[in-house]
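For reference, the structure is listed below as structure tokens.
Every number for a ligand or one of its atoms is a count from 1 in the order of the listing. What's counted below: heavy atoms across the whole structure, side chains too, no hydrogens, waters or symmetry copies.
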Amino acid sequence: MATLAAMNMRIAPSILSADFARLGDEVRAVELAGADWIHVDVMDGRFVPPITIGAAVVRDLRKVTALPLDVHLMVHEPDHLLEDFAAAGADWITVHVEAIKHLDRTLQVIRSLGAKAGIALNPATPVADVEWAIEKADLVLVMSVNPGYGGQQFIDYTLRKVEALRSLIDQRGLTTLLEIDGGVNATTAAAVAAAGIDVAVAGSAVFGASDYAAAMAGIRSAAGHK
Ligand code: DX5
Ligand code: ZN
């Protein structure tokens with residue numbers, strides 16, 4: 001099963017590492033270069049130290065790309081923001097299990113707003129924290145760095161969490177996608193794909209390269225794509 005998932009591993013460039021002064025052009029450029037999704041990192045200055053962007057930016061990006069907008073909320077208690085992000089055109093809305101009191105309810109709200117619901121886990125958060133709520137999630141995002149910053153080094157033990165989640169999803173016959181976020185590049189992509197990831201976020205490895213298409217091709221080829 002892991003091999004099957006790896007054959008289809010999608011790449012979601014994270015705009016965190018893009019040039020924010022030219023954001024629309026950057027998103028168009030990675031779309032042309034073959035990106036599958038656009039990953040949007042929302043940080044609130046509380047769940048993680050930095051502040052990035054809000055729903056207004058998602059609304060405007062919605063006009064420049066047809067790709068799925070994958071919104072990763074690194075936000076403490078994000079319930080009051082869900083409606084705004086869904087209305088702005090987010091296709092996927094992912095919340096952190098560590099930031100939420102009533103995860104099951106939050107996932108239901110996201111789905112009721114017409115978006116796909118995701119759960120993110122920090123590197124040190126056990127898989128057991130999503131063991132039951134995963135049945136109401138369209139996606140589980142495993143953080144492979146501590147959230148807050150691009151360009152950090154991949155934390156290897158998170159791959160064992162991915163493998164455990166892959167087994168859980170396959171054993172239960174769920175269609176939940178598995179996403180990994182942080183430190184993905186042409187060096188780490190092979191192990192990421194082998195662990196059974198469906199969607200790999202890549203920030204600095206794509207936007208830090210001079211040729212976005214070549215950067216994504218390098219990740220795909222390491223992941224075993226033909
Ligand atoms: C980190 C963000 C990531 C980040 C990944 O908090 O959630 O999406 O942009 O950046 P890289 O790929 O550079 O590790
Ligand atoms: Zn992210």
Query raised in the report: Between Asp36 and Ala12, is there a donor-acceptor pair closer than 3.5 Å when you use the side chain of the first and the backbone of the second?
Result: no

Report summary line: Pocket residues around ligand 1 (non-hydrogen, under 4.0 Å) come out as Ser14, Leu16, His39, Asp41, Met43, His72, Met74, Met143, Pro147, Gly148, Tyr149, Gly150, Gly151, Asp181, Gly182, Gly183, Val201, Ala202, Gly203, Ser204

**Report entry** Salt-bridge contact Lys101-Asp79 (side-chain N to carboxylate O under 4.0 Å)
**Finding:** no

Query raised in the report: Hey, is the main chain of Thr125 close enough, under 3.5 Å, to the side chain of Lys161 for a donor-acceptor pair?
Result: yes

Query - Check: Leu69 main-chain N/O paired with Asp91 side-chain donor or acceptor under 3.5 Å - result: yes

Query raised in the report: When you measure from the side chain of Gln152 to the backbone N and O of Asn146, does any donor-acceptor pair fall under 3.5 Å?
Result: yes

Query raised in the report: Would a distance-only check, ignoring hydrogens and angles, find a side-chain to backbone donor-acceptor pair under 3.5 Å from Asn122 to Ala124?
Result: no

Query raised in the report: When the ring centroid of His72 is compared with that of His96, is the distance short of 6.0 Å?
Result: yes

Query raised in the report: Do you know how many protein N, O or S atoms are within a distance smaller than 2.8 Å of the Zn ion (ligand 2)?
Result: 4

**Report entry** Distance-only side-chain donor-acceptor flag, Asp41 / His39, under 3.5 Å
**Finding:** yes

Report task. For Ser144 and Asp181, indicate whether the former's side chain and the latter's backbone hold a donor-acceptor pair under 3.5 Å. Result -> yes

